[in-house]
Amino acid sequence: SDPKLFNAFVQTSHNRLNAGLEFQSAWSLLHNTNILARGGEAQKAYQTLKWLAASSVLENLLTTHNDWRESGFTMNQAPIFQIESNMGWVSAVQEMIFTSRPGVLKLLPALPREWPEGEIKGMQGRGAVNIRKMSWSKNSTIVSADLQTKHAQKLTVVLPKNIKSLEINGKKQKP
């Protein structure tokens, strides 16, 4: 909730990446990816996922601590399985598609160009907000979301800036 502190976190992520990938591990790179996604930096967050896919993801989709393929990303070491980076990968993708805090849900805050359309089902936001289904197309100018909460609450839904029309419960609204 403190913009100055939040911007400092994002800047720290940039500084860590600028220090060099050879000093990163998979979990630290994914930590940066989550912060960049939360900061709305779609392309930088997507790039870190690509680096990780090239270096630290095994054929069975489990992640390793470091660059077992010696492809030049992160430290070169033996392929040690690391659950933190597996969970960090899922979290980073979720942060790119939606981010939430109690009472606020942001849709598509860090959607990279490479994902011009897509769909998710059954994901949970903070504050017990169930995203039953959400889809987007035409570079996120059309977004459809089916949301459900377990209890009555005030929820602010933040949409991408390029939304042209909005419909809630079958009634057209101003975005």
Side-chain angles (χ1 to χ4, degrees), residues 1-18 21 28-54 57 61 73 85-175:
S1 63
D2 181 341
K4 187 176 178 181
L5 185 58
F6 181 77
N7 290 334
F9 281 119
V10 174
Q11 183 58 51
T12 299
S13 289
H14 283 278
N15 294 347
R16 286 187 57 113
L17 293 174
N18 291 339
L21 291 172
S28 69
L29 199 51
L30 278 160
H31 184 251
N32 284 325
T33 309
N34 274 274
I35 292 172
L36 293 166
R38 180 65 64 112
E41 297 196 31
Q43 292 311 123
K44 184 130 333 245
Y46 183 71
Q47 181 61 54
T48 59
L49 289 179
K50 286 175 38 177
W51 288 330
L52 283 158
V57 178
L61 300 181
F73 307 116
S85 53
N86 269 76
M87 292 184 290
W89 185 285
V90 173
S91 176
V93 170
Q94 176 259 298
E95 288 284 342
M96 295 167 82
I97 296 172
F98 75 90
T99 188
S100 63
R101 64 181 190 269
V104 179
L105 176 68
K106 274 184 153 180
L107 302 180
L108 307 176
L111 190 71
R113 290 185 299 272
E114 292 80 359
W115 300 346
E117 59 186 58
E119 178 179 285
I120 61 169
K121 293 181 181 179
M123 294 187 79
Q124 190 78 23
R126 290 172 182 88
V129 176
N130 181 16
I131 302 173
R132 293 173 54 173
K133 181 178 178 183
M134 183 176 83
S135 61
W136 63 93
S137 60
K138 294 187 180 176
N139 293 316
S140 71
T141 59
I142 299 173
V143 178
S144 173
D146 180 359
L147 308 175
Q148 182 181 43
T149 63
K150 295 183 180 193
H151 58 277
Q153 63 178 299
K154 181 180 176 183
L155 180 66
T156 299
V157 178
V158 180
L159 302 169
K161 293 177 184 174
N162 54 348
I163 293 294
K164 305 287 187 235
S165 65
L166 174 66
E167 190 174 297
I168 299 173
N169 296 330
K171 296 180 183 177
K172 294 222 180 234
Q173 307 285 326
K174 285 188 176 185

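Quick note: residue numbers are just sequence positions, from 1.
For residues 124-133, no residue pair satisfies the side-chain hydrogen bond (donor to acceptor under 3.5 Å, both in side chains) rule, not counting sequence neighbours. Legend: side-chain hydrogen bond (donor to acceptor under 3.5 Å, both in side chains) pairs involving residues 99-111, not counting sequence neighbours, sorted by first then second residue: R38-T99, E95-T99.
With sequence neighbours excluded, no residue satisfies side chain to side chain donor-acceptor pair (under 3.5 Å) with S135. Y46 is linked by a ring-ring contact (aromatic ring centres under 6.0 Å, His included) to W115, counting only residues two or more places apart in sequence or in another chain. The side chain to side chain donor-acceptor pair (under 3.5 Å) search around N15 returns Q11, not counting sequence neighbours.
Taking every heavy atom of both residues into account, W89 and L49 meet most closely at CH2-O, 3.2 Å. Heavy atoms only, all atoms of each residue included: A37 and A110 are closest at O-CB, 3.4 Å. Here the shortest heavy-atom pairing between S91 and N34 reads OG-OD1, 2.7 Å.
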Sequence neighbours excluded and cut-off under 3.5 Å, please list the side-chain donor-acceptor pairs for residues 149-161, or say none.
{"unit_1": "T149", "atom_1": "OG1", "unit_2": "H151", "atom_2": "O", "d": "2.9"}
{"unit_1": "Q153", "atom_1": "NE2", "unit_2": "G127", "atom_2": "O", "d": "2.9"}

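Atom-to-atom distance recorded for I35:CD1 and K44:NZ is 13.5 Å, nearest 0.5 angstrom. Note that CZ of F98 and CE of M134 are 7.5 Å apart. Values are rounded to the nearest 0.5 Å. With values rounded to the nearest 0.5 angstrom, E119 atom CD is found 11.0 Å from I97 atom CD1. Annotation: the span from Q43 atom CD to K50 atom NZ amounts to 8.5 Å, rounded to 0.5 Å.
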Let me see the working for L105 and I131 under side-chain contact (heavy atoms from CB on, under 4.5 Å), right down to the final yes or no.
CA-CA 10 Å; L105 176 68; I131 302 173; 4.1 Å; yes
side-chain contact (heavy atoms from CB on, under 4.5 Å) for L36 and H14? Distances and angles first, verdict last.
CA-CA 8 Å; L36 293 166; H14 283 278; 3.8 Å; yes
side-chain contact (heavy atoms from CB on, under 4.5 Å) assessment of T48 paired with N32
CA-CA 8 Å; T48 59; N32 284 325; 5.6 Å; no
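Atom CZ of F6 has more than 12 heavy atoms from other residues, nucleotides or ligands within 6.0 Å.
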